[in-house]
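Every chain is numbered from 1 and lettered A, B, ... according to where its sequence line falls, protein lines coming before strand lines. All values reported here derive from a predicted model rather than from experimental measurement.
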Amino acid sequence: MRAFFREIAHDLYSFFTSITLAIVLISLIALLALVGTLIPQETFTREVDYIARYGVEGYNTLKKLQLTNIFGSWYFLFLMALFTLNLSACTLKRLSASWRYWKLPMSFIPPEGLRRFEHSYVLSGSVCSDAPRRIRALLERHGYRVREQNSQILAEKWRWERFGIDIFHISLLIVIVGGLVTMLFGYRTFEIAHQGDTINLPGADFAVRVKRFWSENYKNSERVMDWRTELTVIEDDKEIVTKTIEVNAPLRYKGYNFYQSAFGTDWQGAARVTLALFRANGTEIGEFVGTVDDGFEVPSENIFVKVGAFLPDFALTENLIAYSRTQRLENPAVFVEIYDAQGLRLMRTWAFSRPEMQTFWETALARVSGEMPYRVKLVGMTAPEFTGLQITKDPGRPIVYFGFLFIILGLLVHMYFKHRQIWVHVSEGEIVISGTVRNNLRSFAQEFRRLGDEIERLGVVTHPEPELVT
Amino acid sequence: MKYPSVVLFYLSTVSYFVTFVFYLLHVVLGVSSGKGERSGAPGIVASSASGGLSRIAWGAWATRALVMSLVISTAGVIARAIELGNASQWVKAFFLPLSTTYETLTFFAWLIPLIYLMMERWFQIKQVGVFVTGAAFVMLSVAASPSFAPSAPTGVPASLQSYWLTIHVLFMVLGIAFFTSGFGATLVYLWRRYEKKLFLLFGALLAVLVTTIFVVIPLFATLQLEKMLASVALFAVLCAGFGWLLLFVHRESQPIAWERLEPIEEMIYRCNALGFPFYAIGGLVFGGIWAEQAWSRYWGWDPKETAMLVTALVYAVYMHARLTWGARDPGWRGGLVAWLSVLGYLAVLYAWIGINYFVASLHSFV
C-alpha cells in the first residue's frame, strides 16, 4: 500500500515538474488571454454595451460561458492555479539542480577528454616553464577565477549566474503572492467628488477633503494638458497634508492611494434640468427646475414632478433598456414621473431636448399607452463639474515591488551572463585548451578562438627550428 | 516644410528603400562578402551568368547604406524630440518622441534597424537585412501617409506625462526590435531548411490565419452554442492540420544540413532571448509600475496589456520548447521550435498594431 502511494506521489511529482506541462499550460493561458482581448471584459464594459453589441441572448450565452469575465472564470483560475503549482514544483526541482551544480567543482579532465570538447584548441611545440603562470595571469585579466589541479589550469567565470533563472522564477511567484495579498486584503473604490466634498474611507482614521479641482489647456489650444485636484488630509479635525494630485502623480497616505482618474460634467449624477410642462390640450403650464433624484411641485395643478435618470446620450438596447451611449451631450433625455396629491402616479415618460426625438417618443408612447395627461419637454440642463478619484489600499505593494526587482535581476542575469569554463592542460610538448559555456552557444566559438589566439601570442610555446635537410 | 523631422524621415524612407534593394541584391546575386558565412557552407550561389553585377560586394554596400540610413533617421528622431518638447511646452522632461502613431512608427524605424545592425555585426548573416530594412521602409511609408498618421506634433496627453513613458516604451521597442531581427532570421532559417516547400508551409499558415479570422471568429461570434462548438473544433482541426503538414514535410525532407542551419538558428535564439528581457521587463514590470501610478493598478487585463502578455508567453513557450525539445531535433518538434518564433512575431504584430483595430483600450493613443 505504501509503495502504491509512493508511486502515486512520484507520478504526481514528475507530472508537475515536467516542462511539457509548463508549455501546455502557458499555451492554454495565452490562448484564453487572446480570447479575452477579442471579447470586451466586464471590468471595463457596461451591460448595456454588451446588449447593444451581442443582443440579449448573445450576452446571456457569453455570461453563461463566463467569457465576459474570462480572467475570473473558474477555468482560467484553475489553469492559473495549476500553472502556479507547476511553476513552484519546477522551481524547486531546478533550484536543487542549480544548487548541486553550484557545489560541483571544476575538476581535472585528462587531455584526451579535453580534445573531444566542441571548443578545443591545441598548441604544440616546446612549452616554456613559466607558461602556467602567464596563462593564469591572462585568464585572470579576462575576469576568470583560476585554480590549478594536477598541472591543469581550471578557470571559470560567472558561476553564480546559474541561479539567475531560479531567481526569476521565484520572483514570478512572489509577484503572484503580492497580487493575491492586494486582492484579498486590499480595497479599491471610485469616488465622484464635487468641490468641498469630504471623503471618508472605511477603516481609515482620516478623511480627505476636495479643496478644488481644475484642468489646464495647452497654450492657444483646446488640448487638455492636465487635470488636477487639490486634496487635504484631515486627521482629528486637523489638516495634515495638502497635495495637488494629477494624472501620474497620486497622493499616498497611510497605505491609501488617491489617483486623479476622471474629470468632467456630472450629468448622470447631479444634472439640473429645466422642464417645460404642457397640459394634454397643449396649453403651457410653465417652466420648472429640478435636479436628478429629486423633483418639484406644480401648485397650480396640484401635482409633483419627479426627475429620474438623466442620460446625456440616450439610446435603447434591443430589449428596450435605456442607456447613455457616451457621457457627451449628444442626445440628452430625462426620465420624468408625475404624481397627483395622493401620491398616485399619473404618468411617466422620457423628455428630450432634440425635437425629433421628442416627437418620435410621444407618438410611440401614445400608441402604446394612450393619451397622457401632460407633456414634458426638456428645455435646459446644467450639471456641476466633478473630479473622479480612484482610491485604493494596496497592502501587496511592497511584495510586488520586491518581486519586480528580482524579476529584472534574475532575467538580466540569466540572459546576459552565461557561465564559462576553461580547462588548460599544460604538458611538455603541447598545451590543450578547452572550454564550455552554458547552453552550449556556438557564438562562444569566436570568443574562444580569440582567447586561444591570445594564449598563442603569449609566446609560451616555441616551435623548434626546422632542421635543414641538405 | 514646417517640421525638419518630417523632411528627415522622408529622406530616411528613400534611404531605407535603397538599403533594402542592396540587401535584396545581396541575397539574389548571392555574393558572400568574404568573411560572410561562418559555416563555410555554400550560401545561395549565383550562377556565373550574372557576371559583373555579382562581383560587386552588395552585402558590404548594403551595410554601408544601412549605416547611412541610420544616421539620417537618428537626426530625424532627435529633431522630433525637440519639436514635441516645444509643442508640449516642456511640461515634463520628455526624452523620446513617442506620443502619437507617427512618432512611434518613425521611432521604430530607427531602433529596429539599429538593433539589427548590431546583430549583423555579431552573426555576419546579411540575408536577414532584407526583412528588417523592408519593414523599416514600410513603417516609414505608413507614417508618411498623412491620413493615417498626422505628422504635426501635438501636446502630450496627461496620461503620458511621465518619465515612465520613455522607460516603458523604450524597453518595449527594444524588445520588438530584437524580435524583428529574430523573425528576419527565422525567415532565413525556414528558407534554408525547407526551401521550396516553405511556400507550401507559408501558404498553409496563411490559410490557417485567414480561416481563423474569417470563419472561426465569426462563427464563434454568432454565440449559438452549436456553432461555437463547431468553431472551436474547426480551430483545433486547423492547428492539427498544420502540425500534420509539418510532420509530413519533415518525413519527406532530405537529411538536414545542420552546419548550414545552426548559425542562423542560434541567431534566432539569441535575438529572441535578448529581446525577451526587454519586452517582459518593459511590459510587465515597468508597464505595471507606471499603470499603478496612472491608473491605480498594476494589471487590469486591458486588451493591450493582455496581448502583450500573450506575446511574452508565446516567446516563453519558444524558449522552453527550444530548451526541452532541442534545436537539433530533426523531428516535427524540433521544427516546431522555429515555427514558435514565427507565432511569437505574429503575436508581436497583434499586440503592437492589430489590437488597436479590435477593441477600445486604455492604450488607444499608440
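Among Ile70(A), Thr182(A), Thr61(A), the residue making the largest number of heavy-atom pairs under 4.5 Å with chain B is Thr61(A). Note: Tyr269(B) leads Tyr269(B), Trp164(B), Trp299(B) in heavy-atom pairs under 4.5 Å with chain A. Contact count versus chain A (heavy atoms, under 4.5 Å) is highest, among Gly288(B), Pro277(B), Ala273(B), Ser296(B), for Ser296(B).
Interface residues of residues 220-228 of chain B toward chain A, defined by a heavy-atom distance below 4.5 Å and sorted by number: Phe220(B), Leu223(B), Leu225(B), Met228(B).
The shortest heavy-atom contact between Arg252(A) and Pro250(A) is NH2-CG, 3.7 Å. Heavy atoms only, all atoms of each residue included: Glu305(B) and Ala291(B) are closest at OE2-CB, 4.5 Å. Closest approach of Ser341(B) to Tyr315(B), counting heavy atoms only: O-OH, 4.0 Å.
When heavy atoms are compared at a cutoff of 4.5 Å, Leu62(A) approaches chain B solely by way of its side chain, counted from C-beta outward. Neither the backbone nor the side chain of Asn60(A) comes within contact range of chain B; no heavy atom of the residue lies under 4.5 Å from a heavy atom of that chain. For a residue to count as touching a neighbouring chain, one of its non-hydrogen atoms must lie under 4.5 Å from one of that chain's; by this rule Arg397(A) touches chain B with backbone and side chain alike. Neither the backbone nor the side chain of Val24(A) comes within less than 4.5 Å of any heavy atom of chain B. Using a 4.5 Å cut-off between heavy atoms, Ala33(A) touches chain B through backbone and side chain atoms alike. Of the two parts of Leu31(A), only the side chain, counted from C-beta on, holds a non-hydrogen atom closer than 4.5 Å to a non-hydrogen atom of chain B. Heavy-atom distances place no part of Met308(B) under 4.5 Å from chain A, backbone and side chain included. Contacts between Leu67(A) and chain B at a heavy-atom distance below 4.5 Å involve the side chain alone, from C-beta outward. Ile26(A) touches chain B through backbone and side chain together, each having a heavy atom under 4.5 Å away. Looking at Ser27(A), both its backbone and its side chain come within 4.5 Å of chain B, counting heavy atoms on both sides. For Ala347(B), no part sits under 4.5 Å from any heavy atom of chain A, backbone or side chain. With a 4.5 angstrom heavy-atom cutoff, Leu405(A) does not touch chain B via any of its atoms. At a 4.5 Å heavy-atom cutoff, Tyr318(B) makes no contact with chain A through either its backbone or its side chain.
Arg438(A) places a side-chain N or O within 3.5 Å of a backbone atom of Phe417(A) that can act as its donor or acceptor partner.
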Q: Under the salt bridge (charged side-chain N to carboxylate O under 4.0 Å, His left out) rule, what do Lys418(A) and Glu447(A) come out as? Steps first, then yes or no, please.
A: CA-CA 13 Å; Lys418(A) 309 260 174 185; Glu447(A) 185 188 322; over 6 Å; no

Q) Can Leu411(A) and Tyr416(A) be said to form a side-chain contact (heavy atoms from CB on, under 4.5 Å), step by step? A) CA-CA 8 Å; Leu411(A) 212 47; Tyr416(A) 298 102; over 6 Å; no

Q) Given Phe171(B) and Phe286(B), is the ring-ring contact (aromatic ring centres under 6.0 Å, His included) satisfied, shown in steps? A) CA-CA 9 Å; Phe171(B) 269 66; Phe286(B) 295 155; 4.9 Å; yes

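A donor-acceptor pair shorter than 3.5 Å can be found between the side chains of Tyr259(A) and Glu292(B). A donor atom on one side chain and an acceptor atom on the other are found under 3.5 Å apart for Thr37(A) and Tyr350(B).
The ring-ring contact (aromatic ring centres under 6.0 Å, His included) test applied to Phe258(A) returns no partner, not counting sequence neighbours.
Of the options Arg270(B), Arg260(B), Arg322(B), a side-chain hydrogen bond (donor to acceptor under 3.5 Å, both in side chains) to Glu265(B) is made by Arg322(B) and by none of the others.
In this pair, Tyr50(A) and Tyr59(A) present their aromatic rings parallel. The plane angle is below 30°, not in the 30 to 60° band. The aromatic rings of Phe179(B) and Tyr279(B) sit tilted relative to each other, their planes meeting at an angle between 30° and 60°.
Side-chain contact between Phe276(B) and Phe178(B): absent, with no pair of heavy atoms (C-beta onward) separated by less than 4.5 Å.
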